[in-house]
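Working notes, beginning with the structure itself.
So that the names make sense, note that chain A is the first sequence line, chain B the second, and so on, each numbered from 1.
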Protein chains: 2
Amino acid sequence: MSETRWLDADEQRTWRTYLWASQLLHESLDRQLQREAAMPHAYYMILAMLSEAPGRSMTMTELAQLVRSSASRLSHAVAKLEAQGWVHRCKRPGDGRTTVATLTDEGFAALAAAAPGHVEEVRRVLFDRLTPEQVEQLHDIFGVVLANLNTTDGC
Amino acid sequence: MSETRWLDADEQRTWRTYLWASQLLHESLDRQLQREAAMPHAYYMILAMLSEAPGRSMTMTELAQLVRSSASRLSHAVAKLEAQGWVHRCKRPGDGRTTVATLTDEGFAALAAAAPGHVEEVRRVLFDRLTPEQVEQLHDIFGVVLANLNTTDGC
DNA sequence: CCGATTTAGTTGAGCGCTCAAATGTACGGC
DNA sequence: GCCGTACATTTGAGCGCTCAACTAAATCGG
């Protein structure tokens, strides 16, 4: 049992700034999408990832990895999206386990309708205020975090 | 109605890296606290902010601003915390509107018990992997975002 | 082949959050 | 003093997420 290495004043300040900002950022995004497209941000991402896949189709497991979601979360989400007619699920022939989710035309239309407002919001809350250097720094910093979490959480 | 300024490849890449990383980061934090201290991260923050206030007490509105929470969210949260005996609420004498929340000794003990593990997790997921320069960059970037959102969302 | 394990996905309970509405208190104008 | 408004907080419904349990199909070892 070692002594706790507390955060120093600088780290503390940075940590809280990050925490509040990222929280507000996510809430802004979510509110905008909820207001203008009647979907939460997580659902938007599912539609977006599907739209970029060949045949607008993907296995549930692939999709879960892409959106960094648990199998459970994705299953619940896709169930709702299917009920709205935006996604369609069917078992892959030849393998009774895997399910393939497909973006429907209605789903693609909903995504296309939501996209411009969403992108504008992303610019408003983030990119419009940052210099190109800061954008690069942001990428590097969270690249490190992502690599770290992808490996350490996987064991 | 102007043309949408879509994200270019660099922005897209940065945006998704940030999104996934911040999501995983938040989930790691939340899981660790839930596992080891049986509280979500938002509740930890409420206790932490109260613990730093004079008399370990604060108005609900002040507290809400500090943790960047809606009045509703805070009210629900403090209700749970009060049921657990970690926070106590009472009306301020002389003003029947404002409620003062106070961290109890049990609440302080719970916070103290949770803190070391939480700080370690914060280090593990973030600070241990970043250079001092990156920490400073992180602070600057989200300082901008925070200032932006605090002003634009307030009107 | 057959039983045990692994893999893919779903389900249900419980909880925190959002949004809108409601409650109760203070204040400002006449 | 009284009424309308603004303020401080709470409440309840609905929803997305987590966790753990479950179903069912593929695979592997003997």
Side-chain angles (χ1 to χ4, degrees), chain A residues 23-24 26-47 58-84 86-102 153-154, chain B residues 23-24 26-47 57-84 86-101 153-154:
Chain A
Q23 182 181 330
L24 290 181
H26 187 263
E27 286 167 7
S28 281
L29 247 46
D30 229 29
R31 245 197 295 278
Q32 183 274 327
L33 274 173
Q34 200 70 60
R35 205 173 48 229
E36 298 181 16
M39 66 176 102
H41 183 249
Y43 287 23
Y44 178 91
M45 276 298 156
I46 293 173
L47 300 185
M58 232 183 299
T59 288
M60 291 297 279
T61 301
E62 290 166 351
L63 190 49
Q65 285 168 348
L66 256 184
V67 300
R68 265 77 180 180
S69 167
S70 68
S72 172
R73 171 150 115 214
L74 185 65
S75 185
H76 283 295
V78 171
K80 294 262 175 178
L81 290 171
E82 190 169 38
Q84 299 203 16
W86 288 348
V87 171
H88 173 249
R89 270 184 300 192
C90 66
K91 293 239 169 270
R92 169 137 68 199
D95 187 345
R97 280 184 304 185
T98 71
T99 305
V100 175
T102 306
D153 279 8
Chain B
Q23 182 181 330
L24 291 181
H26 187 263
E27 285 167 7
S28 282
L29 247 44
D30 229 29
R31 245 196 295 278
Q32 183 274 327
L33 274 173
Q34 200 71 61
R35 207 174 46 230
E36 297 180 17
M39 67 176 103
H41 183 250
Y43 288 21
Y44 178 91
M45 276 297 156
I46 292 172
L47 299 185
S57 290
M58 234 184 300
T59 288
M60 291 297 280
T61 303
E62 288 166 351
L63 190 49
Q65 285 168 348
L66 255 183
V67 300
R68 265 75 180 183
S69 167
S70 69
S72 172
R73 172 151 114 213
L74 185 65
S75 184
H76 282 296
V78 171
K80 294 261 176 180
L81 290 171
E82 190 169 38
Q84 300 203 17
W86 289 348
V87 171
H88 173 250
R89 270 183 300 189
C90 66
K91 291 240 170 268
R92 169 137 68 199
D95 186 345
R97 280 183 303 185
T98 71
T99 304
V100 175
D153 279 8

Counting side-chain heavy atoms from C-beta on, which of [options] comes nearest to [X]?
{"X": "A/Y43", "options": "D/dC17, D/dT27, C/dT25", "answer": "D/dC17"}
{"X": "B/A71", "options": "C/dA13, C/dT7, D/dT10", "answer": "D/dT10"}
{"X": "B/D95", "options": "C/dT25, D/dC17, C/dT10", "answer": "C/dT25"}
{"X": "B/R31", "options": "D/dC19, C/dT7, D/dA13", "answer": "D/dC19"}
{"X": "B/S70", "options": "D/dC17, C/dA8, C/dT18", "answer": "C/dT18"}
{"X": "A/T99", "options": "C/dT10, C/dA26, D/dT10", "answer": "C/dT10"}

Find the distance [X]:[atom1] to [N]:[atom2] and express it as a whole number of Å.
{"X": "B/Y44", "N": "C/dC15", "atom1": "OH", "atom2": "P", "result": "23 Å"}
{"X": "B/R68", "N": "C/dG16", "atom1": "CZ", "atom2": "P", "result": "23 Å"}
{"X": "B/L74", "N": "D/dA8", "atom1": "CG", "atom2": "P", "result": "14 Å"}
{"X": "B/H76", "N": "C/dG14", "atom1": "NE2", "atom2": "P", "result": "19 Å"}
{"X": "B/H26", "N": "D/dT18", "atom1": "NE2", "atom2": "C1'", "result": "13 Å"}
{"X": "B/E27", "N": "C/dC15", "atom1": "CD", "atom2": "P", "result": "20 Å"}
{"X": "B/R92", "N": "D/dC7", "atom1": "CZ", "atom2": "C1'", "result": "13 Å"}
{"X": "A/Q34", "N": "C/dA20", "atom1": "CD", "atom2": "C1'", "result": "14 Å"}

(Q) Does atom CZ (B/R89) have a neighbourhood of more than 12 heavy atoms from anything else shown, all under 6.0 Å? (A)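 Atom CZ in B/R89 is packed in, count exceeds 12.
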
Q: Please figure out whether A/K91 or B/K80 has its closest DNA chain C nucleotide nearer the 5' end.
A: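 This one resolves to A/K91.
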
Side-chain heavy atoms of [X] within contact of [Y], under 4.5 Å:
{"X": "B/V100", "Y": "B/M58", "result": "no"}
{"X": "A/V87", "Y": "A/T102", "result": "no"}
{"X": "B/L74", "Y": "B/M60", "result": "yes"}

Between the base of [N] and the side chain of [X], is there any donor-acceptor pair under 3.5 Å?
{"X": "B/H41", "N": "C/dG16", "result": "no"}
{"X": "B/S72", "N": "C/dC19", "result": "yes"}
{"X": "A/S75", "N": "C/dT11", "result": "no"}

Q) Is there a side-chain polar atom (N or O) of B/R73 under 4.0 Å from OP1 or OP2 of C/dG16? A)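 No.
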
Q. Any side-chain N or O of B/R89 less than 4.0 Å from the OP1 or OP2 oxygen of D/dT10?
A.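 Checking B/R89 against D/dT10: at least one side-chain N or O falls below 4.0 Å of OP1 or OP2.
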
Q: May I ask you to say what B/T59 touches in the nucleic acid, namely base, sugar-phosphate or nothing, with a heavy-atom cut-off under 4.0 Å?
A: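 The answer is sugar-phosphate, as B/T59 gets under 4.0 Å only of primed atoms, P, OP1 or OP2.
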
Q: Using heavy atoms to find the nearest nucleotide of DNA chain D for A/G94 and B/A79 separately, return the residue whose nucleotide is more 5′.
A: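 Looking at DNA chain D, the more 5' nearest nucleotide goes with B/A79.
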
Q: Take A/E82 and A/H88, measure what side chain to side chain contact (heavy atoms under 4.5 Å, CB included) needs, and give me the verdict at the end.
A: CA-CA 6 Å; A/E82 190 169 38; A/H88 173 249; 4.1 Å; yes

Q: Flag the pair B/E36 and B/R31 as a salt bridge only when some basic side-chain nitrogen lies within less than 4.0 angstrom of an acidic carboxylate oxygen.
A: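 Salt bridge: no.
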
